[in-house]
Amino acid sequence: NAGVTQTPKFQVLKTGQSMTLQCAQDMNHEYMSWYRQDPGMGLRLIHYSVGAGITDQGEVPNGYNVSRSTTEDFPLRLLSAAPSQTSVYFCASSYSSGTSGRGEQFFGPGTRLTVL
Amino acid sequence: GENVEQHPSTLSVQEGDSAVIKCTYSDSASNYFPWYKQELGKRPQLIIDIRSNVGEKKDQRIAVTLNKTAKHFSLHITETQPEDSAVYFCAATTTAGNKLTFGGGTRVLVKP
């Protein structure tokens, strides 16, 4: 199993550009999430999904869109990049909820995004 | 929503000593509390977790305690080793959607 994969690893954008961060998992996990991690800070939830066709907002959803057309893929779209979106983005997946006993979240390697 | 606070933000210990990291949460409905370790430049990885029906859990040199009345939980690392140097994050969730709220992290440095 490749686990959770993310592309690209690094990206530089200009203000106003749009792009999609890719995330895929091959563990047949229902739950997938996107986090951003800023220097010296914890991880903040952007959007999450509890299954194909179902998404919901996290703590910091503004400026980002997601969709979940398949169990495997959960792309994150930046609509119009801003310098405040400079961050490291992590995708994560889990088999089920943390309360069920199989909720360990497996993280991807991250995408380091810089917006100029 | 849930708010998780984590202390201290940095912790320096001598090799072989113990390290303790404390977290408090705001939502009394929270019932799942994982701890993640993140080495420099790498992804977070789960090291231990605890559910609300348990007060303490151990796994070799690490242990977690939970006090639901006071709404706080702690990570204990005994006999610290240089490879324990990393950033540690606590988290909490209430929902079946695994909507985790993370603490701000603790940078642990184990000095040989």
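Please read all numbers here as calculations on a predicted model, not as lab measurements.
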Task: Crowding at CD, B:Glu79 (>12 non-hydrogen neighbours, <6.0 Å) - done: no
Task: Contacts of residues 103-112 of chain B with chain A (heavy atom under 4.5 Å) - done: B:Gly103, B:Gly104
Task: Which portion of B:Pro34 sits near chain A, non-hydrogen atoms under 4.5 angstrom - done: neither
Task: Heavy-atom proximity to chain B below 4.5 Å, by part of A:Val88 - done: neither
Task: Rounded distance [0.5 Å steps], CZ in B:Phe102 versus OH in A:Tyr35 - done: 4.5 Å
Task: Region of A:Gln6 in contact with chain B, defined by heavy-atom distances below 4.5 Å - done: neither
- [ ] Spell out, yes or no, whether A:Val12 and A:Leu21 are grouped together once hydrophobic residues are joined by side-chain heavy atoms under 4.5 Å, including indirect joins.
- [x] no
Open item on the list: A side-chain contact here means heavy atoms from C-beta on lying under 4.5 Å apart; do B:Lys99 and A:Glu59 qualify?
Closed with: no
TODO: Please look at A:Glu30 and chain B and tell me whether the side chain, the backbone, both or neither of the residue comes under 4.5 angstrom of a heavy atom of that chain.
DONE: neither
- [ ] Counting only heavy atoms closer than 4.5 Å, note whether A:Phe106 contacts chain B via side chain, backbone, both or neither.
- [x] neither
TODO: Could you check if a side-chain atom of B:Leu100 sits within less than 4.5 angstrom of a side-chain atom of A:Gln105, using non-hydrogen atoms only?
DONE: yes
TODO: Please state whether the side chain, the backbone, both or neither of A:Leu43 comes within less than 4.5 Å of a heavy atom of chain B.
DONE: both
TODO: Tell me, for B:Glu2 versus chain A, whether the close heavy atoms (under 4.5 Å) come from the side chain, the backbone, both or neither.
DONE: neither
Task: Heavy-atom closest contact (B:Lys42 atom, A:Phe90 atom, distance) - done: O-CZ, 4.1 Å
- [ ] Taking all non-hydrogen atoms of both residues into account, name the closest pair between B:Arg43 and A:Gly108 and its distance.
- [x] CB-O, 3.3 Å
Open item on the list: Taking side chain as everything from C-beta outward and backbone as N, CA, C, O, which of these in B:Phe33 sits under 4.5 Å from a heavy atom of chain A? Side chain, backbone, both or neither.
Closed with: neither
Task: Over 12 foreign heavy atoms within 6.0 Å of CD, B:Gln60 - done: no
Open item on the list: According to a hydrophobic-cluster definition based on side-chain heavy atoms being under 4.5 Å apart (Ile, Leu, Val, Met, Phe, Trp, Tyr only), do A:Leu113 and A:Ile46 belong together?
Closed with: yes
